[in-house]
Amino acid sequence: MTKLWRGAPLILASKSSSRRGLLAGAGIAFEVVDSFIDERAVEAPLCAAGAGGAEIARHLARAKALAVSAKQPDRLVVGADQTLSLEGQVFVKPPDRAAAAAQLAALSGHTHELRSALCVARANEVLFEAAPVARLAVRRLSQAFIEAYIAMVGDAVLASVGAYQIEGLGIHLFEKIEGDHSTILGLPLLPLLTYLRQEGSLLR
Ligand SMILES: Nc1nc2c(ncn2[C@H]2C[C@H](O)[C@@H](COP(=O)(O)OP(=O)(O)OP(=O)(O)O)O2)c(=O)[nH]1
């Protein structure tokens with residue numbers, strides 16, 4: 001148990017290695033419990049109603065946190081979700097490398113928004129939510145670059161909604177990035193840690 005964390009370990013309702021790495025790096029004691037939420041099914045009515053990326057991310061983060069909290073009511077649970085929006089169009093993780101190439105061509109030369117929402121729940125009640133945004137300006141990408149990039153990154157392009165990991169080769173895509181690093185990696189640590197200090201699980 002780390003010196004900063006008090007009480008039972010936080011439950012991370014996520015299968016994301018990026019989110020696990022962020023909590024581990026911050027010295028948070030945590031356990032992982034997948035919510036098994038069918039994201040496409042949960043978001044379908046929202047998309048049909050024209051919801052934007054922020055609303056979809058908040059709704060999914062809440063659904064993941066509450067799904068796990070219902071099974072472990074006495075534990076603090078955090079769920080998260082990330083959406084990518086470009087001029088009102090909400091993107092999802094590319095299903096294959098061809099889709100990743102098409103998505104990168106669409107992002108080329110434009111600034112898109114990554115919205116990372118988190119929800120903290122206990123006893124099936126929402127205790128805290130935050131959904132900060134990051135804005136990333138993609139430089140004009142040549143087709144040759146996109147092909148070489150995908151060949152080098154491989155199937156990791158399918159693991160995130162933007163087909164990139166900024167801490168890796170993804171950094172080559174950008175000419176400007178605004179927003180917190182952890183927001184881009186999918187779990188906004190600054191608002192989460194502020195809440196956990198106020199709630200008493202983290203040493204102030
Ligand atoms: N390492 C890394 N991961 C990133 C980056 N950008 C986005 N991601 C990851 C974080 C999340 O795992 C994923 C966003 O997709 P979701 O929010 O749907 O989460 P995911 O399905 O991966 O896991 P979860 O739904 O929480 O079980 O992309 C990045 O720049 N670096």
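Whatever order the structure lists them in is the order used to number ligands and atoms, beginning at 1. Counting from 1, the numbers follow the sequence of the chain as shown.
Under a 4.0 Å N-O distance rule, the pair Glu129/Arg62 qualifies as a salt bridge. For the pair Asp155 and Arg97, the salt-bridge criterion is met [side-chain N within less than 4.0 Å of a carboxylate O].
Among protein residues, Ser14, Lys15, Ser16, Ser18, Arg19, Glu39, Lys64, Ala80, Asp81, Gln82, Lys93, Ala159, Ser160, Tyr164, Gln165, Ile166, Glu167, Ile184, Leu185 come within 4.0 Å of ligand 1, judged on heavy atoms.
Residue pairs meeting the ring pair (Phe, Tyr, Trp, His ring centres under 6.0 Å) criterion with at least one member in residues 21-78: none, sequence neighbours excluded.
Through chains of ILVMFWY side-chain contacts below 4.5 Å, Leu66 is grouped with Val126.
Side chains of Ser85 and Glu113: a donor-acceptor N/O pair is absent below 3.5 angstrom, by distance only.
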Donor-acceptor contacts under 3.5 Å from residues 101-109 side chains, at least two apart:
from, atom 1, to, atom 2, distance (Å)
Gln103, NE2, Val161, O, 2.3
Ser108, OG, Leu141, N, 2.8

